[in-house]
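Take a look at the structure set out below.
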Amino acid sequence: MKQEGALASADFEGVGSIMEAQWSRVLDRLKAEFDEGVYNSWFKPLALVNVEEGCAVMAAPTNFMRNWLESNYADRIRRAWKQENPEVTDISIIVLSAFKASEAASTDTSGLLDNDEREERETGGPATPAARPSVPTRASRAAVVQEPGNDYGAPLDRRFTFDSFVVGKSNELAYAAARRVAENTAVNFNPLFLHGGVGLGKTHLMHAIAWTHKEMFPDRRVVYLSAEQFMYQFISSIRFKDTMAFKQKFRSVDLLMIDDLQFIANKDSTQEEFFHTFNALIDHHRQVVISADRSPTDLEGIEERIRSRLGWGLVADIHPTDYELRLGILQQKANSVPEVEIQTEVLEFLAKRITSNVRELEGALNRMVAHATLIGRPITLEMTQEVLQDLLRANDRRVTIDEIQRRVADYFNIRLSDLLSSRRARQVARPRQIAMYLSKQMTSKSLPEIGRQFGGRDHTTVMHAVKRIEELRRTDSVLEEDLLHLERIFST
Ligand code: ADP
Ligand code: MG
């Protein structure tokens with residue numbers, strides 16, 4: 001039996017009729033397992049290339065389809081193969097660009113796509129009609145074993161739960177809001193919009209919402225995916241003339257989470273589709289959670305009507321971490337590897353020195369743990385300094401008090417000399433406090449050191465400034481915007 005997929009005409013040597021029969025039964029299994037839209041979008045275009053050494057090699061027409069299949073459906077495909085042929089223990093998906101070029105020519109949807117999206121579709125190499133897929137060796141086969149989130153969402157990371165999330169001042173609002181969404185079916189605020197810099201826990205919180213919500217309400221349809229994946233699915237639905245199915249599936253979920261929304265900036269038709277989906281869900285009182293690296297008002301390249309609607313629910317920002325939170329996170333991670341002994345002073349040192357984001361902090365700890373496991377000795381401070389030399393230097397380079405003072409003075413349009421002076425006029429006193437606050441947050445300098453650099457002030461003055469700004473940023477939204485702006489300047 002010939003499969004109907006577009007690659008069916010490709011006549012690969014070595015694919016015997018037994019294999020072909022098995023392949024068509026594998027497809028039947030997948031067809032039965034998934035709804036039609038998913039099947040048509042993702043499995044139907046696949047072609048069997050070969051089965052050798054227990055590995056079934058299939059070809060997809062584009063890179064993005066291959067990647068999507070690998071990260072979402074590899075397990076299901078492998079299972080279906082195993083059920084048909086127990087000798088198949090592994091699968092591999094390659095890209096066959098020759099097919100892609102001819103297929104793209106016959107399905108012209110380019111009018112519907114804007115430039116970026118079109119570009120996306122056109123990567124994949126030149127047409128080489130006679131090309132035969134080169135079957136990868138065992139070593140080059142990517143082992144993709146991921147837990148699929150659901151039929152069309154992205155995989156969820158088991159480690160990203162509320163339990164493993166350490167709460168501090170900088171993320172408590174986001175955490176509380178995420179919990180509220182996860183533990184309720186009634187919609188409290190819609191959408192929940194989480195924003196903050198890279199590596200500060202946005203994705204972690206969204207996965208935690210998904211895990212908790214699914215556990216508490218098994219019947220609810222929860223879908224998590226990145227804005228990028230949303231776009232790929234949308235493009236694919238246009239390509240396979242399947243937009244109705246696309247619309248239906250996204251409009252039938254109870255809780256939709258889209259991560260890294262900034263990705264669809266300037267991608268007009270994807271934005272349009274996102275906006276329709278978003279409105280439909282909100283109108284039907286389904287919960288929507290969005291994340292981005294900046295606030296709705298700052299999302300450049302996203303239409304004004306979308307930005308304003310994104311701000312209708314609860315906007316919760318995740319601030320850069322402070323020392324206590326960093327230490328808390330390190331302690332929690334260190335406790336999860338009880339077999340390795342890490343001195344407290346090492347954790348304190350890391351929390352103080354690695355201030356960029358949590359991902360780097362975790363990376364540093366992991367490196368130390370790996371090192372300790374290898375050499376079989378407890379982790380000491382000297383060892384840490386040596387092993388992490390490069391990382392520490394990179395973090396050191398980040399921000400100096402000097403730079404903070406100059407930037408803050410620039411931003412508020414005052415003279416640097418005024419910022420450092422003892423003038424108490426509000427238009428210089430507030431920026432000064434802000435600069436002190438940022439110096440405390442973004443450098444590892446002590447309060448007395450900071451005081452010295454601000455024209456020889458006492459450390460209690462610095463402490464007062466830090467407290468004052470901390471309080472104010474919770475209530476004064478203009479000040480909060482200023483701080484976010486400045487923090488962003490320094491984190492790039
Ligand atoms: P983002 O999506 O904001 O870029 P992630 O959610 O991917 O950041 O977080 C980066 C890494 O840091 C992840 O491994 C995550 O588990 C960890 N992380 C971030 N914030 C916390 C926290 N408050 N407690 C524990 N781990 C955290
Ligand atoms: Mg993320």
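Quick note: residue numbers are just sequence positions, from 1. Just so you know, ligand 1 is whichever comes first in the structure, and atom 1 is the first atom listed for that ligand.
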Report yes or no: is the cationic atom of Arg179 (NZ for Lys, CZ for Arg) closer than 6.0 Å to the six-membered ring centre of Phe162, at no more than 45° off its axis?
-> yes
No-hydrogen, no-angle side-chain donor-acceptor test under 3.5 Å, Thr355 and Arg326 = no
Decide if the gap between the ring center of Phe230 and the ring center of Phe246 is smaller than 6.0 angstrom.
-> yes
Near ligand 1 (heavy atom, under 4.0 angstrom), the protein residues are Phe160, Ser164, Phe165, Val166, Asn171, Gly197, Val198, Gly199, Leu200, Gly201, Lys202, Thr203, His204, Ile329, Lys333, Val358, Arg359, Glu362
Any Trp42 side-chain heavy atom under 4.5 Å of Gln233 side chain | yes
Report the distance from atom CD of Gln331 to atom CG of Leu347, rounding to the nearest 0.5 Å.
-> 6.0 Å
Partner of Ser164 by side-chain hydrogen bond (donor to acceptor under 3.5 Å, both in side chains), out of Arg159, His204, Gln332 = His204
CD/Glu172: more than 12 non-hydrogen atoms of other groups inside 6.0 Å = yes
Is the count of non-hydrogen atoms from other residues, nucleotides or ligands lying under 6.0 Å from Gln385 atom CD greater than 12?
-> yes
Give the C-alpha distance, both sets of side-chain angles, the deciding distance and a yes or no for salt bridge (charged side-chain N to carboxylate O under 4.0 Å, His left out) between Glu304 and Arg307.
-> CA-CA 5 Å; Glu304 167 54 29; Arg307 277 189 281 155; 3.6 Å; yes
If you draw a sphere of radius 2.8 Å around the Mg ion (ligand 2), how many protein N/O/S atoms end up strictly inside it?
-> 1
